[in-house]
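Quick notes on the structure that follows.
Convention: sequence-line order gives letters A, B, ...; per-chain numbering from 1. All heavy atoms count here, side chains included; hydrogens, waters and symmetry mates do not.
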Number of protein chains: 2
Amino acid sequence: MRTLNAGLAGAKSRIKVARTGISAPRSVRQRLAGPASTPPAAALPLNSIIVGDCLDELARLPPNSIDLVFADPPYNLQLEAALSRPDQSLVDAVDDDWDKFASFSDYDDFTRAWLDAVRKIMKPDATIFVIGSYHNIFRVGSILQDQGFWILNDIVWRKANPMPNFRGRRFTNAHETLIWAAKGVGAKTYRFNYELLKAGNEDCQVRSDWLFPICTGAERLKDASGRKIHPTQKPEALLARIMLAASNPGDLVLDPFFGSGTTGAVAKRLGRNFIGVEREPSYASAAQARIAKIEMLPHEAIATVPSKRSEPRIAFASLVEAGLIQPGETLVDEKRRHAVIVRADGAVSLGAIAGSIHKIGALAQGLPACNGWTFWQFFRDGKYEPIDALRAKARASLREAAE
Amino acid sequence: MRTLNAGLAGAKSRIKVARTGISAPRSVRQRLAGPASTPPAAALPLNSIIVGDCLDELARLPPNSIDLVFADPPYNLQLEAALSRPDQSLVDAVDDDWDKFASFSDYDDFTRAWLDAVRKIMKPDATIFVIGSYHNIFRVGSILQDQGFWILNDIVWRKANPMPNFRGRRFTNAHETLIWAAKGVGAKTYRFNYELLKAGNEDCQVRSDWLFPICTGAERLKDASGRKIHPTQKPEALLARIMLAASNPGDLVLDPFFGSGTTGAVAKRLGRNFIGVEREPSYASAAQARIAKIEMLPHEAIATVPSKRSEPRIAFASLVEAGLIQPGETLVDEKRRHAVIVRADGAVSLGAIAGSIHKIGALAQGLPACNGWTFWQFFRDGKYEPIDALRAKARASLREAAE
DNA sequence: CGCAGACTTGAATCCTCGA
DNA sequence: TTCGAGGATTCAAGTCTGC
């Protein structure tokens with residue numbers, strides 16, 4: 001492993017890393033420690049850039065430690081000749097050595113290797129985002145599937161301001177593709193902050209096509225002479241959408257191709273921990289300086305929206321026990337077509353048949369399933385109301401009791 | 001090969017096909033015949049649906065005969081359980097036998113086989129569009145690349161009205177992906193009607209993300225009881241964009257997974273010839289009836305926009321010979337910074353240096369290249385005009401002479 | 001200082017004919 | 001097949017310059 005060229009604090013540990021000075025609040029740190037089977041968070045070089053080859057460095061990280069992976073691997077562009085604009089100015093192409101592969105087969109080998117290494121250190125409920133273009137994304141997608149990852153979505157980043165097609169020989173290449181995948185088919189508990197995204201999208205669920213401008217202006221890292229430091233710096237808005245969607249504050253985000261450090265910058269701002277691996281010391285150094293300047297947003301700004309799924313479960317029986325509803329009361333549906341009697345054991349009776357609020361609701365309608373909480377209504381103070389209102393009351397007193 | 005169930009005319013030939021009664025005008029038919037090395041168009045079952053297995057049937061078609069391929073192969077959807085909406089109604093999912101594959105490896109074998117068969121019958125300058133979702137498109141893309149196809153674009157069909165994600169566990173799956181590929185790296189002469197597309201897009205080049213509604217309403221084929229005939233009928237607008245972009249009237253379009261026949265319907269309307277292969281007689285029969293009702297648009301509506309590249313080349317010397325411009329006249333650029341003298345041989349002189357209008361234009365500006373036709377202007381009747389106006393005059397008299 | 005217009009730039013598999 | 005030359009081709013943002 002190489003070390004960074006300059007200006008790195010905290011480089012005394014065996015693994016030499018760049019500490020960027022962010023520290024998660026104690027409460028969220030504990031979440032990171034996770035179950036006893038995963039190594040304690042202290043063993044991880046949190047919020048650091050590891051300068052070195054991604055395969056070597058990933059292998060040194062403890063298994064089952066990463067919550068979210070964002071990977072922006074080389075695209076394997078195959079450019080033959082220089083391209084000039086209609087005004088004869090030259091396009092500054094990506095012709096760096098790190099994007100050169102001898103063949104598709106070489107690229108596939110490389111992809112298999114880093115995906116395998118990443119998979120080992122992902123927690124069972126972690127997910128991964130990989131970004132690419134048509135040059136490489138089909139290779140990446142196939143290999144993800146072959147390795148047992150379970151694709152959740154492919155996502156299209158529509159560029160608001162793409163480079164046009166100067167020769168008029170193709171459609172404007174105006175998007176890049178992200179693949180979002182869980183560690184395996186069985187991983188059903190992955191994080192997806194559905195309500196949070198929906199709340200920020202005019203109460204409409206977020207689609208698989210995202211519109212963002214490319215990274216320009218003040219956000220784009222430049223050297224003293226005004227040249228861009230990294231040819232493919234990603235916009236922070238893209239990474240923010242990803243982290244808000246698929247991680248919580250305090251989670252650990254890995255970026256095996258750290259580059260200019262957009263992942264680290266956004267992670268710090270959103271109160272996530274990160275680990276970045278970057279081969280080029282000059283990129284790592286620029287990223288380190290960039291991240292040092294970032295400040296974490298106030299906790300209120302990054303708090304998660306509690307999802308319905310994460311609310312404590314309440315049994316209808318407990319409402320009866322708590323006296324919120326009395327045995328013998330009648331429940332009806334909104335259209336007053338069906339009526340049931342509440343039993344002392346928390347079941348309801350439809351004629352001679354008894355069962356849960358859900359089962360009986362389904363039976364009454366002849367449907368395979370029914371949400372009894374929203375289907376059944378009770379009568380109080382001259383009006384009908386869904387029994388879900390009683391559940392909300394029960395939850396409120398639970399919260400009070402916890403304080 | 002099986003034959004269609006019912007109502008098919010023209011089924012007397014050895015290859016039993018459904019003739020749909022469209023006939024290209026003679027002038028465009030001749031284009032189809034192509035060079036002597038390719039079989040005459042008469043040998044092809046033009047504008048027919050071949051009922052049978054696509055691998056068997058494609059192998060019987062003559063090599064180098066297809067201009068454009070549109071393929072909508074099985075998506076290999078991996079649906080585990082029935083999906084119901086929040087109101088408990090059941091989503092009518094794709095669970096047909098033709099979409100069942102035992103493994104990715106089986107799907108890959110199938111994909112390699114049909115792509116190989118299709119590639120053999122494509123003309124050297126033909127292109128192919130394949131549509132898919134994240135379940136299969138990465139397999140298809142990798143195999144296209146492995147077989148030597150040259151990807152020109154990946155294109156995103158953004159659905160204006162996608163099915164929402166009912167469970168709130170993923171992003172709304174709001175797009176499908178198309179891959180557009182040429183037969184090989186060397187195939188530089190593929191058709192792409194850049195000017196036509198641009199003209200229909202507010203004079204702005206068309207991007208790789210396309211917005212279309214999914215196929216609903218009157219366009220959606222339904223049986224007597226109102227059930228949709230095919231689960232994945234594609235919208236005609238999508239096929240129209242594809243054919244307008246990558247084929248000319250009279251071209252031959254192949255669809256190896258014909259389904260409900262959208263490709264045939266649009267081909268007929270736009271004056272293209274088609275061949276469809278479909279395994280299910282019921283789909284083929286519905287498609288045949290559908291296409292029979294379509295009428296071809298008037299020729300004016302489907303005429304190609306002539307591109308500048310396809311105009312006959314005119315040498316500047318021929319303008320001098322024709323007396324459109326006199327030796328000794330002075331040409332200047334728009335900003336009057338440079339001036340050259342026209343020579344009798346059709347070259348121009350900048351001081352002591354002589355050369356073509358392009359070379360001298362480039363030299364004057366210190367640029368690697370220059371379009372002399374638009375750069376240089378001549379003086380006539382009190383005003384300056386680009387010499388391109390003289391070329392237009394020469395072309396006009398050429399056209400007159402040809403009539 | 002504001003505004004208008006000129007100039008710059010971005011993950012790009014980006015021409016075609018004839019000798 | 002290779003080579004040389006004709007000549008066709010760009011959109012949205014951002015920055016810079018001059019008035």
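- Look at A:K228 and you'll find a side-chain N or O under 4.0 angstrom from OP1 or OP2 of C:dG10.
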For this session: Sugar-phosphate means primed atoms, P, OP1 and OP2; the rest is base. With that split, encode nucleotides 10-19 of chain D 5' to 3' as B, S or - using protein heavy atoms under 4.0 Å.
Result: BBSSSS----
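- Within the nucleic acid shown, B:P312 has no heavy atom closer than 4.0 Å to any nucleic acid atom.
- In this entry D:dT10 has no Watson-Crick or G-U wobble partner, no candidate having both defining distances under 3.5 Å.
- The CH2-P distance, from A:W98 to C:dA11, rounds to 11 Å in whole Å.
- Nucleic acid contact for A:N76: none, since no nucleic acid atom lies under 4.0 Å from a heavy atom of the residue.
- Across all strands shown, the partner of C:dC17 is D:dG4, judged by Watson-Crick or G-U wobble contacts whose two distances both fall under 3.5 Å.
- A 3.5 Å limit on both hydrogen-bonding distances identifies no Watson-Crick or G-U partner for C:dA12.
- Between the NZ atom of A:K159 and the C1' atom of C:dG10 there is a distance of 8 Å, rounded to whole Å.
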Every protein N/O lying under 3.5 Å from an N/O of nucleotides 17-19 of chain C:
none

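- Inspection of the A:R290 and A:T262 side chains reveals an N or O donor paired with an N or O acceptor under 3.5 Å.
- Using a cutoff of 4.0 Å between basic side-chain nitrogens and carboxylate oxygens, B:R395 and B:D388 are not scored as salt-bridged.
- In this structure, a donor-acceptor pair under 3.5 Å is absent between the side chains of B:S307 and B:R309.
- Taking atom CD on A:Q88 and atom P on D:dG6, their separation rounds to 14 Å, with Å as the unit.
- C:dA12 atom P lies 13 Å from atom NE2 of A:H175, rounded to whole Å.
- Residue A:D95 places no side-chain atom within donor-acceptor reach of the base of C:dA11, judged by atom type and a 3.5 Å distance cut-off alone.
- Ring geometry for B:W180 against B:F129 counts as parallel: the plane angle stays under 30°, on a 0 to 90° scale with 60° as the upper cut.
- When the side-chain nitrogen and oxygen atoms of B:H358 are compared with OP1 and OP2 of D:dG6, none of them lie within a distance under 4.0 Å.
- In terms of position on DNA chain C, the residue among B:R309 and A:C215 whose nearest nucleotide sits closer to the 5' end is A:C215.
- Salt-bridge annotation for A:D92 and A:R227: absent, with no side-chain N of the basic residue lying under 4.0 Å from a carboxylate O of the acidic one.
- Of the candidates C:dA11, D:dG7, C:dA12, D:dG7 carries the atom nearest the B:W373 side chain, counting heavy atoms from C-beta on.
- Counting non-hydrogen atoms under 4.0 angstrom, B:L152 reaches nothing in the nucleic acid.
- On the C1' atoms, C:dC1 is 12 Å away from D:dC19, given to the nearest whole Å.
- Across the strands present, D:dG18 finds its partner in C:dC3; the criterion is a Watson-Crick or G-U wobble pair with both atom distances under 3.5 angstrom.
- Remark: the separation of the P atoms in C:dT16 and D:dT10 is 14 Å, to the nearest Å.
- Among the heavy atoms of the strands lying under 4.0 Å from B:I314 are primed sugar atoms or P, OP1, OP2 only; no base atom is included.
- Here B:N201 lies out of heavy-atom contact (under 4.0 Å) with every strand.
- Comparing B:N371 and B:K359 along DNA chain D, the residue whose closest nucleotide (by nearest heavy atom) sits nearer the 5' end is B:K359.
- Between A:E236 and A:R269 there is a salt bridge, since a side-chain N of the basic residue sits under 4.0 Å from a carboxylate O of the acidic one.
- The CG-C1' distance, from B:N153 to C:dA11, rounds to 14 Å in whole Å.
- Comparing C:dC14 with D:dA12, their P atoms are spaced 22 Å from each other, to the whole Å.
- A salt bridge does not link A:E57 to A:R279: none of the charged nitrogens lies less than 4.0 Å from a carboxylate oxygen.
- B:D388 places its CG atom 13 Å from the C1' atom of D:dG6, with the value rounded to the nearest Å.
- At the heavy-atom level, A:R169 lies under 4.0 Å from the strands shown only through sugar-phosphate atoms.
- Crowding of A:D87 atom CG: a count of heavy atoms from other residues, nucleotides or ligands under 6.0 Å exceeding 12.
- Note on A:R112 versus A:D109: salt bridge recorded, some NZ/NE/NH1/NH2 to OD/OE distance being below 4.0 Å.
- Put simply, CZ on A:R220 is 14 Å from C1' on C:dT8, counting in whole angstrom units.
- Distance check, rounded to the nearest 0.5 Å: CG of A:D223 to NZ of A:K228 gives 11.5 Å.
- Taking atom CD of residue A:E219 and atom P of nucleotide C:dG10, one finds them 14 Å apart after rounding to whole Å.
- For the side chain to side chain contact (heavy atoms under 4.5 Å, CB included) criterion with B:K183, the lone passing option out of B:N64, B:D125, B:I66 is B:N64.
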